[in-house]
Amino acid sequence: MILAVHEDLRRRVTAAVTGLYGLAPADLPQVPIAMPPNRGLGDLAVTVAFDLARRLRKPPRAVGQELAARLGVVPGVARVECAANGYLNVFLDRPAFLRDRLSNRVDGGGGAARDKVIVEHTAINPNKAAHIGHLRNCALGDTLVRSLRFLGHAVEIQNYIDDTGVQVADVVVGFRHLEGRSAADVEAIARDTRFDHYCWDLYARVTGWYEADKARLAVRAEALHEIERGEGESAAIGRLVADRIVRCHLKTMARLNVRYDLLTWEGDILRLQFWSKAFERLKADGAVYFQGSGRLAGCWVMRIEDGIAHAPRGAEAAEGALTREDAGEDAEQAEKVIVRSNGTVTYVGKDIAYQFWKFGLLGEDFHYRLFGETGHDGPLWATSSVATPEEAALRPSFGRARAVYNVIDVRQSYLQRLLSQALAAAGHPDEAERSHHFAYEMVALSHQTARHLGYAPEAEEAGRPFVEVSGRKGLGVKADDLVDTLIEKALAEVTARHPELPEPERRRTAETIAVAAVRYFMVRFSRGKVIAFDIDEALSFEGESGPYLQYSVVRAANIFQKLRERDGLDEAAVLGGLDGLAIEELAGNDDASGVWALVLEAARLDEIAQQAVRSLEFSGLAKWAFALAQLFNAFYHRYPVLNEERRDAKLWRAAGVAYFRMQMTRALDLMGIEVPARM
RNA sequence: GCGCCCGUAGCUCAGCUGGAUAGAGCGCCGGACUUCGAAUCCGUAGGUCGCAGGUUCGAGUCCUGCCGGGCGCGCCA
């Protein structure tokens, strides 16, 4: 793809700079590579002359001209020109470029084995059905996973299961006190209903039950204690609920092409006493200390480093540090309680222990059991508190990652920063640095959709642009319901277009279209923006949508289908026929729809994926794929392939179509979207 | 009170570590199916990039201060 070209060019430009100006390696400027606004100006642009001009006290243009001359002949490059303002414009050897991409001679990217990274995503409380907010999490998380793998990383996908929290306890309360059920009853319900949907409603009823009489919250506290101790009917129902709901979630996610390698159960972290181990380490390293007096007397606390992410620069830094030092009274506030004065550990404690384990810094490990479902890349494992025969036989290896990505919404930023600080304070600054919080904003409902769901907005929400989703109130759109609705709509479309196809095939096609619609929708917005979910917008198959992207690939595939039927040409034959062909077709500068514009843009997939991972911003990947599909559709209308008389033009166009198809299929795969045979 | 995020066309949003003339989708208006399938394409209209300063060859992008909105900050989970 294109990154190899960038790297080669960057190396040569750097060598030219060194040779011309004798700069020390430390003084060498970055060599940014951009794309000129149109193909007439060039295929790639190097802007290093601007940076150098300042240091060398020369006009950018003079520097650019010297560099261009010094570069000489570059393999794969037709020529390099210096524009009047100092841009170094690079014109690629177009025929060679396309032939090389098609024959995969230069697509070794991703071959080199890199370090293992852990991505944790989804983490839905196992007490109710998944909703659209959870879809944003797993769509982003899974796209991150796929992009990391595409870039050559080994990735372990974890899904954290909070089986011991209040949310499960609430549903237990619902079953026992509202419905008078036994564990056996619950097991039967789980078998005979859509259990997660059943619990969705039950959970909302329990919330109402508490609201009617706050004293009933004591019932919850009691259930929670029973669950923690692991004894009695409540604990049995709690285990049942968590297990069955997790299995429901896995089914929902599998529909969306989302899978995992390991389910980490909070209960195991508690039972295996990961926290006490982590606590010993933190004490030994001085990361936490005992507070003997004051407001927090009797607690073990961790100092909170304020402003780690936004350290003031330059002259103001000293000032800022001073004012912080002076604020002696605030120092006490900048401490986070880790162990309460009564000796119990706070919520962050187990998260710290888990994060240490992910980096292999805990000195303890889980036991493991097979969960009985298919994982991302082999069987799906779950943590266990006790040894199992399967772990003895298969010896799974989890944890010990070099980098960790926690995909979790922005409201958890404070906690996630604490995790990173705990690592740094315990003497692991590198791990702290590689501890990434992939934060994203919430999914709310548009007013129209909220009304459609029969929800009357409360007074304080009337003026806002959106309505908050509330699992406790049962307000929201269930993931399964959304997907079901999309499938039915897509099925109607497919049936209208292909009435001759058998029903199972039409349905299968509709399913891939529905998945494309949801997943693209969840990725297309910047992660820092609240999505006001609008059902009609999400259901759209036109314009900027997943199905639009799929359709472009289907068209490309159709061209080759017809090429085979009419001319006996397949992709290998097209590639083989390119040698010695006239190259006028590639020489044009039609940015909006020409073959060359299409090929060059398609080649940028690796560059785009790398940028997305670096910034954790996958809307860029989505937008790029959409723009590429637009480019193809425009090309499709303007430049016929099958009916083109001139053999050279026909073959170059076919080659461009083949490359587009290859790259767009890969891009869609990064977003977990498949391409149907027809649509 | 402190911290983080957001503010770009009527609506919903892109704009990559500062780069060449600010772009899409939806909606509006007008065109293109006897053609590789119209889930498509082409065209028109629509902008003081929240406001004001600053940094420099160059700012939607960086800095400062305001304005407006969202979220977070407990010995809770």
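Naming: A, B, ... by sequence-line order, numbering from 1 per chain.
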May I ask you to verify whether the side chain of [X] and the base of [N] hold a donor-acceptor pair under 3.5 Å?
X        : N     : answer
A:Arg497 : B:A39 : yes
A:Asp351 : B:A77 : no
A:Thr346 : B:C75 : no

Using heavy atoms and a sub-4.0 Å distance, could you list which residues of residues 606-617 of chain A are near RNA chain B? By number, please. A:Gln611
Can you list, in residue-number order, the parts of residues 527-544 of chain A that come under 4.0 Å of RNA chain B, counting heavy atoms only? A:Gly528, A:Lys529, A:Val530, A:Glu537, A:Phe541, A:Glu542, A:Gly543, A:Glu544
Please check the phosphate of [N] (OP1 and OP2 only) for any side-chain N or O of [X] closer than 4.0 Å.
X        : N     : answer
A:Arg340 : B:A77 : yes
A:Arg555 : B:A38 : yes
A:Tyr440 : B:C4  : no
A:Tyr347 : B:A77 : no

Between [options], which one does the side chain of [X] approach most closely?
X        : options             : value
A:Tyr414 : B:A39, B:A20, B:G72 : B:G72
A:Ser619 : B:C36, B:A14, B:C41 : B:A14
A:Gln630 : B:A24, B:C36, B:U12 : B:A24

Scan residues 533-555 of chain A for pairs that pass ring-ring contact (aromatic ring centres under 6.0 Å, His included), counting only residues two or more places apart or in two chains. A:Phe521-A:Phe533, A:Tyr548-A:Phe626
Just by distance, no angles: are the side chains of A:Thr164 and A:Glu266 close enough, under 3.5 Å, to form a donor-acceptor pair? yes
When you compare the side chains of A:Glu565 and A:Gln561, does any donor N or O come within less than 3.5 Å of an acceptor on the partner? yes
For RNA chain B, write out the stems as range with range, using runs of 3 or more consecutive Watson-Crick or G-U pairs with both distances under 3.5 Å. B:1-7 with B:67-73, B:10-13 with B:23-26, B:29-32 with B:40-43, B:50-54 with B:62-66
So [X], base contact, sugar-phosphate only, or nothing? Heavy-atom distance under 4.0 Å.
X        : answer
A:Ala439 : nothing
A:Asn125 : nothing
A:Gln167 : nothing
A:Asn85  : base
A:Val48  : nothing
A:Ser413 : nothing
A:Arg220 : nothing
A:Ala34  : nothing
A:Ile513 : base
A:Ser545 : nothing

What is the distance, to the nearest angstrom, from the CD atom on A:Glu335 to the P atom on B:C73? 18 Å
Whole angstroms only, please: what is the CZ-P distance between A:Arg638 and B:C41? 12 Å
Could you pull out all residues at least two apart from [X] that satisfy salt bridge (charged side-chain N to carboxylate O under 4.0 Å, His left out)?
X        : result
A:Asp591 : none
A:Arg497 : A:Glu493
A:Arg55  : A:Asp51

Between A:Tyr87 and B:G19, do the rings stack, that is, sit under 5.5 Å apart with planes less than 30° off each other? no
RNA chain B nearest-nucleotide lookup for A:Val337 and A:Pro36: closer to the 5′ end is A:Pro36
Partners meeting side chain to side chain donor-acceptor pair (under 3.5 Å) with A:Ser593 (sequence neighbours left out): A:Asp590, A:Arg638
Name all residues meeting the side chain to side chain donor-acceptor pair (under 3.5 Å) criterion together with A:Trp624; count only those two or more places apart in sequence or in a different chain, and write none if there are none. A:Glu601
Determine which pairs satisfy salt bridge (Lys or Arg N to Asp or Glu O under 4.0 Å) with at least one residue from residues 539-555 of chain A, sequence neighbours left out, and list them in order. A:Arg524-A:Glu544, A:Glu544-A:Lys623
Not counting sequence neighbours, list each pair that qualifies as a salt bridge (Lys or Arg N to Asp or Glu O under 4.0 Å) and has a residue in residues 34-43 of chain A. A:Asp43-A:Arg94
Which glycosidic conformation, syn or anti, is assigned to B:C57 if syn requires a torsion within 90° of zero? anti
With 3.5 Å as the limit, what N/O pairs link the protein to nucleotides 55-58 of chain B?
| residue | atom | partner | partner atom | Å |
| --- | --- | --- | --- | --- |
| B:C57 | N4 | A:Arg54 | NH2 | 3.0 |

